[in-house]
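Numbering of ligands and ligand atoms starts at 1, following listing order. All of these numbers come straight from a predicted model, not from anything done at the bench. The analysis underlying the following values was restricted to heavy atoms, covering all of them including side chains, and did not include hydrogens, waters or symmetry mates.
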Amino acid sequence: MPVTIYDVAKKAKVSIATVSRVINNSNVVTEKTRQQVEQAIQELNYAPNVIASALTKKSTLTLGLLIPDISNPFFSELARGVEDASNDFGFNIIICNTDYSLEKEATYTNLLRQKSVDGFIISTAYYNDENVINLLKENVPLVLLGRDIEDSRDYPIDVVGSDNVKGGYIATKHLIELGHEKIACLLGPRQIKVNLEREIGYLKALREAKIKVHDEIIAHGDFKLEFGYQKTIEILKGPIKPTAFFAANDLTALGVIKAVKSLGLSVPKDVSVIGYDNTILAEITDPSLTTINQQMRKMGYLATEMLIKRIKRERTPGKKIVLDVDLTVRDSTFKHI
Ligand code: RIB
């Protein structure tokens with residue numbers, strides 16, 4: 001027979017309501033009673049029934065995490081931070097992969113709502129993302145992680161991201177300081193705000209150094225290796241012939257390296273490559289990848305902490321946290337002679 005809350009109450013010689021208060025961390029219980037109940041829970045090896053508690057407390061202690069590409073290690077690192085925080089605060093997570101599709105995002109959002117998750121951590125949002133806007137309008141607790149949407153006065157938005165303008169700027173400045181002037185820029189989808197910001201940083205560095213901007217070597221793709229590969233071949237066969245590439249994530253940068261090598265050229269002697277994220281891939285690729293370091297786990301942790309505070313109604317106004325980024329220099333960038 002499974003141990004119930006009645007057994008715990010009987011053993012601890014208190015009422016069921018008192019056991020429930022201890023389980024729910026209520027502060028109307030004296031320290032002595034709390035210890036009595038905790039000891040009974042331990043001795044009986046009692047595990048509260050999550051479904052029953054969900055029915056009474058209207059909480060499942062479960063969070064939904066939406067990511068666009070589970071095969072990109074950037075999102076594994078974010079998820080790791082989310083899991084660490086969930087674990088620390090007694091929550092579980094359900095991870096859904098959307099493949100950058102707004103339809104899949106809508107499907108998973110509905111599914112997670114049917115499962116009564118307490119809140120959403122969303123790393124899939126496009127700039128004008130109606131799925132997210134609808135959730136906000138319905139007062140569903142959520143936090144945007146590494147993504148942002150258009151601001152609105154109608155609802156508070158919680159966001160944890162990093163300084164993308166600075167990232168684009170210091171990446172490009174690093175290449176300029178190595179003597180490069182023709183620097184290609186391979187971004188992710190236009191509808192995702194981080195790309196707009198990384199491009200602003202790239203253009204700022206070029207303008208500051210009075211370097212001509214060539215629109216022909218700026219391209220938007222899908223943040224995938226294949227895009228980096230195909231676009232690099234196309235650009236290197238074109239008229240401008242850049243000596244360096246700034247890729248807006250590590251996966252795209254890996255595609256750039258593959259393409260440069262496939263044309264019989266060397267990274268970094270003929271073409272320098274810089275990525276973005278500082279995932280594990282940056283360390284193990286050959287040559288190792290110079291990249292912009294994002295504090296991925298910290299982003300995931302902070303976003304989850306922020307969401308849980310909102311779920312518990314410990315805070316209401318929208319809050320934006322922007323984490324710093326820095327440059328990690330490895331072997332894929334070299335001076336232009
Ligand atoms: O969606 C992929 C990318 O978005 C990541 O690699 C990271 O740069 C994030 O902002």
In Å, rounded to the nearest 0.5 Å, how long is the span from CG of Leu136 to CZ of Phe120?
11.0 Å

Between [X] and [Y], do the side chains contain an N or O donor and an N or O acceptor separated by less than 3.5 Å?
| X | Y | result |
| --- | --- | --- |
| Ser272 | His180 | yes |
| Glu234 | Gln230 | no |
| Thr109 | Asn131 | no |
| Glu208 | Tyr169 | yes |

When Gln295 is tested against each of Asn278, Leu302, Leu323, Val325 for side-chain contact (heavy atoms from CB on, under 4.5 Å), which residue passes?
Leu323

Could you pull out every N or O of ligand 1 that sits under 3.5 Å from a protein N or O, with the distance for each pair?
from, atom 1, to, atom 2, distance (Å)
ligand 1, 1 (O), Tyr100, OH, 2.6
ligand 1, 1 (O), Arg147, NH2, 2.6
ligand 1, 4 (O), Arg147, NH1, 3.2
ligand 1, 4 (O), Arg147, NH2, 3.2
ligand 1, 6 (O), Asn72, ND2, 3.1
ligand 1, 6 (O), Asn249, ND2, 3.2
ligand 1, 6 (O), Asp277, OD2, 2.5
ligand 1, 8 (O), Arg198, NH1, 2.9
ligand 1, 8 (O), Arg198, NH2, 3.4
ligand 1, 8 (O), Asp277, OD1, 2.6
ligand 1, 8 (O), Asp277, OD2, 3.4
ligand 1, 10 (O), Arg147, NH1, 3.3
ligand 1, 10 (O), Arg198, NH2, 2.9

